[in-house]
Amino acid sequence: MITKQYRLTLPAYPRGMHLITRSIEELFDGSVSTGIAHLFLQHTSASLCISENADPSVRSDTETFLNDLIPESYTKFQHTYEGSDDMPAHLKNMLVGTSLTIPVTQGRLALGTWQGVYLFEHRYHASKRTVVITLQGEPS
Amino acid sequence: MITKQYRLTLPAYPRGMHLITRSIEELFDGSVSTGIAHLFLQHTSASLCISENADPSVRSDTETFLNDLIPESYTKFQHTYEGSDDMPAHLKNMLVGTSLTIPVTQGRLALGTWQGVYLFEHRYHASKRTVVITLQGEPS
Amino acid sequence: MITKQYRLTLPAYPRGMHLITRSIEELFDGSVSTGIAHLFLQHTSASLCISENADPSVRSDTETFLNDLIPESYTKFQHTYEGSDDMPAHLKNMLVGTSLTIPVTQGRLALGTWQGVYLFEHRYHASKRTVVITLQGEPS
């Protein structure tokens, strides 16, 4: 077995869900045939997630629902000096998640037909985001 | 270290939480002694999760609570053509999760006494579900 | 590649979020240089999570929000004989999570600048908590 580790810098995205499946797979050089790919976001106000990759309304409905579930208008927040979207961003990150582990089969992510990998940006004005990608498995 | 990868096809379950700990462990042939087991569901409208394995009311309370948190009656959903349970299913999957990683010790899942592995089916009329299982660790 | 596995027993913490980054890293003996660290909590009424490590108000806001989202006063719970905080604890665990996987780079957790690892205790009167830690990667 071998380990390969990469750092992927994603551009500053607008708030919402952004498909990054291809950006992840482009890093692979085929050196790991069977194993796992671990994706880790080094930030606490955006998330990594898997979601339906076909109908864009799934993404907008997800965004709408989460914004209602964790509203900026929630009056009990004390951590407000970084903006009204900051504390909701931390909570969305906690519920949606910081990392993903996906099986690798024949050198590719073994996603289901309808699954896509997303960066879910929770801030209105975000910076670049760093993802650490670790591949572990049997070499080709 | 070695990698073993399996595909497990689960039957079409009714909506709710279904204990699959035994189905997972039956796949193990004892070839990995110490390491991790990664379970990945290739679907976006059901979840994999760990929950209390003793009192069935924990499962029914969990189902009740999640149905209230993400109701089919939520009027803002636009993605409705696959049924009123589809968009709630995607959201439950995003909050509960698509995959699990569990330590393996002495060839078995190192679960706590009260922990069980569940397929959480979010659709009323689901099909079979595929789980990709990757074992990585020291051989026996 | 090598696998190292440890068991960490955490003291009985009061309800809330407790930073354990250092307790995890103290276990490392530097034998794994590049790879992943998997942390698994063997309990269903507390969580492991990553959150902002700087401003304590992020922790208290998180606790406040989750307590409002999953209130002990929710009248539909049937699983109440272990206390009014037990079923909310199981639900918080399901939404926040039982395990974390974090990349290891140069023998250390590759966390972002503002990320800390937390035990999130959901019970008022908890016991000790056990975390199984599995390190996998290239040796130093």
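Here is how names work: the chains are called A, B, and so on, in the same order as the sequence lines, proteins then strands, and each is numbered from 1. Note that this is a predicted model, so its numbers are computed, not measured.
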Would you mind checking which part of A/H38 comes under 4.5 Å of any heavy atom in chain C, side chain (CB onward), backbone (N, CA, C, O), both or neither?
side chain
Heavy-atom distances under 4.5 Å only: say whether A/L39 touches chain C with side chain, backbone, both or neither.
neither
Under a 4.5 Å heavy-atom criterion, the part of residues 90-113 of chain C in contact with chain A comprises C/L95, C/V96, C/T101, C/I102, C/P103, C/V104, C/T105, C/A110, C/L111, C/G112
Pair count under 4.5 Å, heavy atoms only, with chain C: among A/Q136, A/K4, A/M1, highest is A/Q136
So for A/L41, is it side chain, backbone, both, or neither that comes closer than 4.5 Å to the heavy atoms of chain C?
backbone
Contact origin within A/L135 toward chain C - heavy atom pairs under 4.5 Å
neither
Side chains of C/E52 and A/E82 in contact at under 4.5 Å (non-hydrogen atoms):
yes
When rounded to the nearest 0.5 angstrom, what distance separates CD in C/E138 from CD in A/Q5?
10.0 Å
Identify which part of A/F77 has an atom lying under 4.5 Å from any heavy atom of chain C, answering side chain, backbone, both or neither.
both
Nearest 0.5 Å, what's the OG1-CD distance between A/T44 and C/Q115?
6.5 Å
Is there a donor-acceptor contact under 3.5 Å linking the side chains of A/H79 and C/D55?
yes
Pairwise salt bridge (charged side-chain N to carboxylate O under 4.0 Å, His left out) hits with a residue in residues 97-107 of chain A, at least two apart
none
Under 3.5 Å side-chain donor-acceptor pair for A/Y74 and C/D68
yes
Please examine the side chains of A/I36 and C/I36, heavy atoms only from C-beta on, and report whether any two atoms are closer than 4.5 Å.
yes
